[in-house]
Amino acid sequence: MMGPAWCAVLAVLLAAAGPAAGRFVVEKNSVSVTSPEALKGKYECAIGNFGVPQYGGTLQGWVVYPKSNKDACKEFETSFKSHKSGERPNFVLIDRGECFFTTKAWNAQLAGAAAILVVDSKDEPLITMDNPEDTGTSHMENITIPSVLITKKLGEDLKKSAENGEMVSVLLDWRESLPHPDERVEYEFWTNSNDECGPKCDMQMDFVKSFRGTAQVLEQKGYTQFTPHYITWYCPEAFVVSKQCKSQCINHGRYCAPDPEQDFSKGYDGKDVVVQNLHQVCVFKVANDSGKPWLWWDYVHDFAIRCPMKEKKYTHECATQVIKSLGLDLGKIDKCIGDPEADEENPILKAEQDAQIGHGKRGDVTILPTLVVNNRQYRGKLDKGAVLKAICSGFEETTEPAICLSDDVQTNECLENHGGCWFDKANNVTACKDTFRGRVCECPIVKGVKFAGDGYTNCEASGIGRCEINNGGCWKDTKDGKTISACSHEESKGCKCPVGFTGDGVKSCEDIDECKAKSACQCSGCSCQNTWGSYECSCGNTNMLYMREQDTCISKQAASSVGWSFMWVIFFGLVFAGVGAYAVYKYRLRSYMDSEIRAIMAQYMPLDSQEGANQQHVAHAGDDI
C-alpha cells in the first residue's frame with residue numbers, strides 16, 4: 001500500500017504544481033429572474049461539472065423550495081414533475097452542505113425536477129461543483145439535469161419569495177457560456193491512458209468509444225480542430241532520487257503520474273502511465289503531421305481494447321502493435337517519444353505541462369477528464385450528446401454542420417409557424433433558418449436569386465433573375481394568350497406597371513383606355529379601338545396610313561412615292577461619294593509616287609538646277625584663294 005513517506009511526497013508534488021499554474025476559472029452561465037418584480041434581473045451562477053448543461057440554449061421554469069429535505073441529501077417524498085403538456089418545468093432550490101452535490105442532483109432528478117439551483121452556504125465567490133472521487137457514487141453517470149450554484153444572497157431572496165407564496169420564475173441561459181466566433185470550433189480533450197482509476201476512467205473511455213465517429217467526421221470535413229492533451233506533474237528536487245519518484249516519474253523526475261492502483265507493491269507504476277500518455281501524444285503529432293489527426297481516436301480506442309492493465313498488456317510492445325495496425329510511421333513515433341530514462345527535458349511533455357497553465361479566459365486544467373471548447377472549459381457530463389451540444393454551441397450562427405441541427409441535438413423552431421418569420425406560401429419559401437442557438441429570420445437565396453428585406457414581415461427577390469421567382473413579387477396577368485408583367489429584368493428591384501397600364505405594380509395594374517382618355521388616335525377622321533394594354537387606330541380612308549408616332553394619317557401612294565424618291569437620292573448620293581473618293585485617292589497616290597521617284601533620281605542623276613548651284617559654289621571658293 002502507499003506509505004506515509006510517499007503520501008508526503010505526493011502532497012509536496014501537488015503543492016509544487018500549484019504555484020506553477022496560474023488559476024482555476026469557474027465557468028459560468030446566467031440566471032435571469034423574471035418574477036417576482038422585486039427580484040427581476042440577471043445574475044451569475046456557476047455551472048456544475050456533472051449533469052447536462054444546455055450549452056447554446058435556455059431553460060425556463062418555476063422555482064420550488066421544498067418544505068423538508070431542504071438539502072436534498074435523501075430522496076424526496078413529493079414530486080416536482082410538471083404534469084400538464086406545455087407547462088413550465090420546476091427547478092428545485094437546494095441548500096448546500098451535508099452531502100455530495102451529485103447526490104442532491106440525483107435525488108432532485110428522481111423527483112422529476114428539471115434543474116437544481118444550489119444555494120451557497122456562505123458569502124464567497126462562486127465555485128465549481130465537481131464530481132466526487134468516491135467510487136460508490138455510480139449514480140453520477142446517470143445525472144442528466146443541469147445544475148448551477150447561486151450566491152447566498154440571491155438564494156435567500158428566492159427562498160423568501162417562494163415561502164411567501166409568490167410565483168418565482170427564472171430563466172437559465174447558457175447561450176454565451178462558450179464563445180462562438182466563426183465557422184470552426186477548436187477543442188481540446190485532457191485525458192489519461194490509465195484505465196484503472198475507477199468511474200472517471202470508465203466514463204472517459206466510454207466517451208471515446210461513443211464520440212469517436214462523430215469527432216472524426218467533424219475533423220475530416222474541416223468543421224473542428226481537435227487536440228488531445230495529458231496532465232503530468234514533476235517531482236520536487238529533494239525527492240528526485242527517492243524510490244517513489246523513480247517509480248512514478250520519467251526523465252529524472254520531470255514528468256510524473258500517480259500510481260494507477262495507489263499501491264506500489266503491485267501492478268503498474270505511475271511512470272508506465274506517463275510513457276503511454278507520451279505514446280498517445282506522439283501518435284497524434286505524427287498523425288496530424290501526415291494530415292490525418294483523426295487517427296488518434298482509433299489508436300486510443302484500439303489501445304484500450306487490446307492493451308488493458310487488467311490483462312497485463314499495458315506495454316510498449318502492445319502499443320507498437322496497435323501503431324503498426326493503423327499504418328502510422330513507427331520510426332517517427334519512437335523518435336518523438338525519445339528516451340524516458342534520460343536526464344533531460346522531453347519537448348513534447350514539456351509542452352503539455354506548459355499547456356496546463358491557463359491563458360486568456362481559460363483557467364488551469366486541474367480536473368481529469370476536461371474538455372476545452374474555444375478556449376473555455378466545458379462543465380458537465382462527459383457524454384456524446386452533451387459534448388456535441390457544447391461543440392455545436394461554439395459555431396457562429398448559421399455555420400454549424402448538419403449534425404448540430406438533428407432532432408437529437410436541438411429543436412427545429414422553424415417547423416412551427418415558420419418561427420414567426422416571413423413565408424411565401426405560393427413558392428413555399430421561408431426566411432426562417434434553423435440554427436443550433438435558435439432560429440434566425442434571414443431572407444433566403446432561391447435558385448440563385450437573393451431575397452432582400454427584414455426577414456420578419458417582408459422579403460423581396462432582388463437582382464438579376466428576380467422576375468423568375470414569383471415574378472419578383474410584382475403584378476402579372478394573362479389574357480387571350482398574352483402575358484404582361486410589372487417586373488422588369490432591367491431593374492434590380494421594384495415593380496412598375498408597363499406602358500398602357502396604371503397602378504401600384506404590386507397588387508394591380510389596370511388597363512388605360514387611351515380612346516376614352518383621348519390620349520391617342522385623335523387625328524381627323526381616325527377611328528380608335530381600345531385593346532388590353534394598348535389601342536388600335538385606323539384612318540377613315542382606306543388609302544390612308546396611320547403614323548402612330550405622329551398621330552396622323554398620310555397617303556399610302558405619297559408615302560410610297562416619297563419613300564422611293566428618298567431611296568434614289570440616297571443611292572445616287574452614295575455613287576457620287578464613291579466616285580469622288582476614288583478620284584481623290586488616285587490623285588494623292590500619283591503625287592506620292594512622283595515625289596518618291598524624284599527623290600530616288602536625285603541621288604543618281606543631279607538635276608540642272610543642282611549642277612548650276614554646285615558650279616557657283618566652286619567659283620566663289622576660288623575667289624578666296
Side-chain angles (χ1 to χ4, degrees), residues 30 32 34 52 54-61 82 84-89 114 169 171-178 180-183 185 221 223 385 388-477 485-487 491-495 504-508:
S30 68
S32 296
T34 55
V52 183
Q54 301 298 311
Y55 280 105
T58 61
L59 188 62
Q60 189 160 17
S82 301
K84 294 181 181 180
S85 177
E87 186 179 10
R88 282 188 190 176
S169 174
L171 175 73
L172 295 175
D173 190 344
W174 294 268
R175 287 175 295 184
E176 300 302 323
S177 295
L178 292 176
H180 44 102
D182 51 38
E183 70 280 358
V185 170
K221 293 188 176 182
Y223 289 116
L388 182 58
K389 280 187 177 182
I391 290 175
C392 288
S393 73
F395 289 100
E396 184 182 13
E397 284 86 345
T398 74
T399 68
E400 58 273 277
I403 191 173
C404 293
L405 305 179
S406 64
D407 293 340
D408 294 336
V409 180
Q410 60 94 51
T411 301
N412 188 346
E413 297 178 17
C414 294
L415 296 179
E416 185 174 346
N417 195 33
H418 306 285
C421 303
W422 170 85
F423 174 64
D424 179 4
K425 187 175 181 180
N427 293 282
N428 194 29
V429 177
T430 179
C432 187
K433 191 167 186 178
D434 184 36
T435 75
F436 180 79
R437 293 174 173 273
R439 69 97 176 96
V440 294
C441 295
E442 185 179 275
C443 291
I445 297 176
V446 181
K447 297 179 182 179
V449 178
K450 178 73 175 73
F451 280 71
D454 61 13
Y456 293 92
T457 60
N458 174 259
C459 283
E460 293 182 358
S462 63
I464 299 175
R466 69 188 184 99
C467 297
E468 304 301 324
I469 306 295
N470 195 29
N471 198 47
C474 301
W475 171 87
K476 182 174 74 171
D477 198 3
S485 169
C487 184
E491 301 292 336
S492 62
K493 62 180 181 178
C495 303
D504 60 9
V506 178
K507 294 182 179 180
S508 67

Tell me, do [X] and [Y] make a side-chain contact under 4.5 Å, heavy atoms counted?
X: Phe451; Y: Ile469; result: yes
X: Asn427; Y: Val446; result: no
X: Ser393; Y: Trp174; result: no
X: Gln54; Y: Leu172; result: no

Minimum-distance pair of heavy atoms, taken over all atoms of [X] and [Y]:
X: Ala461; Y: Gly472; answer: CB-CA, 4.3 Å
X: Glu396; Y: Pro181; answer: OE1-O, 3.7 Å
X: Ser508; Y: Trp475; answer: CA-CD1, 3.6 Å

**Prompt:** In chain order, what residues pass the salt bridge (Lys or Arg N to Asp or Glu O under 4.0 Å) check against Asp173, with sequence neighbours excluded?
**Reply:**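 For Asp173 the salt bridge (Lys or Arg N to Asp or Glu O under 4.0 Å) partners, ignoring immediate neighbours, are Arg175.
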
Taking atom [atom1] of [X] and atom [atom2] of [Y], what is their separation to the nearest 0.5 Å?
X: Thr398; Y: Lys433; atom1: OG1; atom2: NZ; value: 4.5 Å
X: Arg88; Y: Leu171; atom1: CZ; atom2: CG; value: 9.0 Å
X: Ile391; Y: Tyr55; atom1: CD1; atom2: OH; value: 11.5 Å
X: Cys392; Y: Leu178; atom1: SG; atom2: CG; value: 11.5 Å
X: Leu388; Y: Ile403; atom1: CG; atom2: CD1; value: 5.0 Å

Taking the two cysteines [X] and [Y], decide whether their SG atoms are closer than 2.5 angstrom.
X: Cys459; Y: Cys443; result: yes
X: Cys414; Y: Cys421; result: no
X: Cys487; Y: Cys495; result: no

**Item:** Within 6.0 Å of NZ in Lys450, more than 12 heavy atoms from elsewhere
**Value:** yes

**Request:** Please collect all side-chain hydrogen bond (donor to acceptor under 3.5 Å, both in side chains) contacts where either partner lies in residues 457-466, sequence neighbours excluded, each pair once.
**Result:** Asp454-Thr457

**Message:** For Phe395, is there any backbone N or O sitting under 3.5 Å from a side-chain donor or acceptor partner on Glu397?
**Reply:** no

**Asked** Has the side chain of Ser169 got a donor or acceptor atom that lies under 3.5 Å from a matching backbone atom of Thr34?
**Response** no

**Message:** What verdict does the side-chain contact (heavy atoms from CB on, under 4.5 Å) test give for Glu468 and Val449, after you've listed the backbone C-alpha separation in whole Å, the side-chain angles of each residue and the deciding distance to 0.1 Å?
**Reply:** CA-CA 9 Å; Glu468 304 301 324; Val449 178; 5.6 Å; no

**Prompt:** Among all residues two or more places apart in sequence or in another chain, which pass the ring pair (Phe, Tyr, Trp, His ring centres under 6.0 Å) test with Phe423?
**Reply:** His418

